[in-house]
Amino acid sequence: MSRADEPGTSDTGVVKSADTDVPKTADTGVPKTADTRAPGTADIRPSGPTTDRRPTSPLWALALFRSELTTTLRRWRTLALLGVLALIPILIGVAVKIETSDGGGFGGGRGGGGEGPAFFPQITNNGIFLVFASLAATLPVFLPMVIGVITGDAIAGEAGSGTLRYLLVAPAGRTRLLLAKFTTSMAFCLIATLVVALSGLVTGALLFPLGDVTLISGITVSFEEALLRALGVAAVVALSLVGIATVGLFISTLTNSGIAAMATTVGLVITAQILDTIPQLHAIHPYLFPHYWLSFADLLREPVYWDELVKNLGLQGLYVAVFGSAAWARFTAKDITA
């Protein structure tokens, strides 16, 4: 009878073990692990594309540009450089006023062909010529040096201070950050030029008479038209600086030292200016970015001479295309360690 009872015992033992252990392990172990991990992973992944969609908004790009421009203009170094640029027209105006206080002319009629010093004798007749003289005096050296300092420090300065890695976190990517730096540099070219022009206009109005303006070609125009031409001159000067600004931005992507990038950019400006004055190198002169800088004087002719103005703008556009592409290729492939 005990043997007859064993099948019942085996039925209850095996069946209970099979019913309670194996299904429970299959139901509670494997499915629960699969259910808890997969949904968690699926919830995390969609958040990436959602974050990446934000920078595509034009308003976000404008906010990034505004932040970069504000940061640049708030630096004490930038304010000091703009202050020096504003001081140059004042010094020129005071020097001309002192030299002509006895009724004599200024500088004995130096210069010619509409180049820088040719504007100086006209300052005493009309204060608006102080704008043109100041731009002609600052364009060969002071303006490009200031632009070189700002653009040379754009990327290298961030890398040297250790903030570049934080700027590259989502949603700011490398291309968008470089574009914001580029547009900030272009805006600063215009701001620096307007600082010189406005300082020259205010100083000229305070120290010298204003009125109808006699252009280089001998035609007299109203003061209002002369103001429009002065605004056009300032725009051409600002556009003349975009080439060296882009070169400085490219140099800034090559190093993590802001001082090295600034020094290299300023040194390149001086070297190009020297090369442009050597007659034996006339074959390369049309390809040097400062070669057509003083072509803005052609806006003070009637009719306007457009040949060198177009060549100047085309040359600056070529520098922007070449060195802008090089800066993008370098920066997007650069190993950011700081």
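Not measured: the values here are computed from a predicted model.
Under the 3.5 Å distance criterion, the side-chain polar atoms of T70 are left unmatched by any main-chain donor or acceptor of S67.
Two residues are said to be in side-chain contact when any heavy atoms from C-beta on lie closer than 4.5 Å; D307 and Y305 fail this criterion. Contact annotation: the side chain of F182 never approaches that of L178 to less than 4.5 Å [non-hydrogen atoms, C-beta and beyond]. Side-chain contact between L139 and T193 is absent, with no heavy-atom pair separated by less than 4.5 Å.
Neither F296 nor L239 shares a network with the other; the hydrophobic side chains, linked directly or stepwise wherever heavy atoms of I, L, V, M, F, W or Y lie under 4.5 Å apart, form separate groups for each. With hydrophobic clusters built from ILVMFWY side chains whose heavy atoms lie under 4.5 angstrom apart, F129 does not share a cluster with V202. Placement of L82 and V141 within a single hydrophobic cluster is found when ILVMFWY residues are connected by side-chain heavy-atom separations under 4.5 Å, directly or transitively. Cluster annotation: L130 is not connected to L228 through the hydrophobic network of ILVMFWY side chains, with a link wherever side-chain heavy atoms come within less than 4.5 Å. If you chain together hydrophobic residues whose side chains sit under 4.5 Å apart, L299 and L190 never meet in one group.
Taking all atoms of both residues into account, the shortest heavy-atom contact from K97 to L207 is NZ-O, 3.2 Å. Considering every non-hydrogen atom in both V213 and A226, the closest pair reads CG2-CB, 3.4 Å.
Counting heavy atoms of neighbouring residues, nucleotides and ligands inside a 6.0 Å radius, atom CE of M186 exceeds 12 of them. Counting heavy-atom neighbours within 6.0 Å of L91 CG, excluding the residue itself, gives a total above 12.
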Side-chain donor-acceptor contacts of residues 313-320 below 3.5 Å, not counting sequence neighbours, with atom names and distances?
{"residue": "Q316", "atom": "OE1", "partner": "G243", "partner atom": "N", "Å": "3.2"}
{"residue": "Q316", "atom": "NE2", "partner": "F289", "partner atom": "O", "Å": "3.0"}
{"residue": "Q316", "atom": "NE2", "partner": "N312", "partner atom": "OD1", "Å": "3.1"}
{"residue": "Y319", "atom": "OH", "partner": "Y287", "partner atom": "O", "Å": "2.6"}

Validation: residues 194-201 side-chain donor-acceptor distances under 3.5 Å, sequence neighbours left out:
{"residue": "S199", "atom": "OG", "partner": "A86", "partner atom": "O", "Å": "2.6"}

Cut-off 3.5 Å, no hydrogens considered: what does the side-chain donor-acceptor table look like for residues 261-273, sequence neighbours left out?
{"residue": "T264", "atom": "OG1", "partner": "A260", "partner atom": "O", "Å": "2.7"}
{"residue": "T265", "atom": "OG1", "partner": "A261", "partner atom": "O", "Å": "2.8"}
{"residue": "T271", "atom": "OG1", "partner": "G267", "partner atom": "O", "Å": "2.8"}
{"residue": "Q273", "atom": "NE2", "partner": "P140", "partner atom": "O", "Å": "2.5"}

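To the nearest 0.5 Å, atom CD1 of residue I278 and atom CD1 of residue I284 are 8.0 Å apart.
Every residue meeting the salt bridge (charged side-chain N to carboxylate O under 4.0 Å, His left out) condition with E302, not counting sequence neighbours, appears here in chain and number order: R229. Looking at residues two or more places apart in sequence or on another chain, you find no side chain to side chain donor-acceptor pair (under 3.5 Å) involving T255.
Think of L231 as one node in a network of Ile, Leu, Val, Met, Phe, Trp and Tyr side chains linked at under 4.5 Å; it has no links at all.
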